[in-house]
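To keep things clear, I will list the structure first and then write my remarks on it.
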Amino acid sequence: MRRGQGIGRPSWRLLDALAFAPEAEKVAVPWREAGRTDLTPRLPAARPEDYLQALFDRYDPALRAG
């Protein structure tokens, strides 16, 4: 597999993260019901932001925050 193709394609990873961003709380509810008490309302909201920042750090160091 060549760079930029398949599962590792940065654009697919970005789209995947953005797809869950508005629904983070909705996705967390079943996990809480299954016993994940660590999933406070803040945590699911922060995870997509953290993941997006990690993607930017990995694929474009010029976009690093700070």
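The structure displayed is predicted, hence computed values, not measured ones.
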Exercise. Salt bridge (charged side-chain N to carboxylate O under 4.0 Å, His left out) between R42 and E25: does it pass, once the steps are laid out?
Worked result: CA-CA 9 Å; R42 169 71 183 112; E25 181 59 26; over 6 Å; no
Exercise. Going from CG on L55 to CG on D50, what distance comes out if it is rounded to the nearest 0.5 angstrom?
Worked result: 11.0 Å
Problem set entry | Minimum heavy-atom distance P44-L39, with the two atoms named | CD-C, 4.4 Å
Problem set entry | Between CG on residue L43 and CH2 on residue W31, distance to nearest 0.5 Å | 13.0 Å
Seminar exercise, completed: CZ (F56) and CG (L14) are apart, to the nearest 0.5 Å, by 5.5 Å
Problem set entry | Greater than 12 external heavy atoms within 6.0 Å of R32's CZ | yes
Exercise. Do P30 and R36 touch side chain to side chain, with heavy atoms closer than 4.5 Å?
Worked result: no
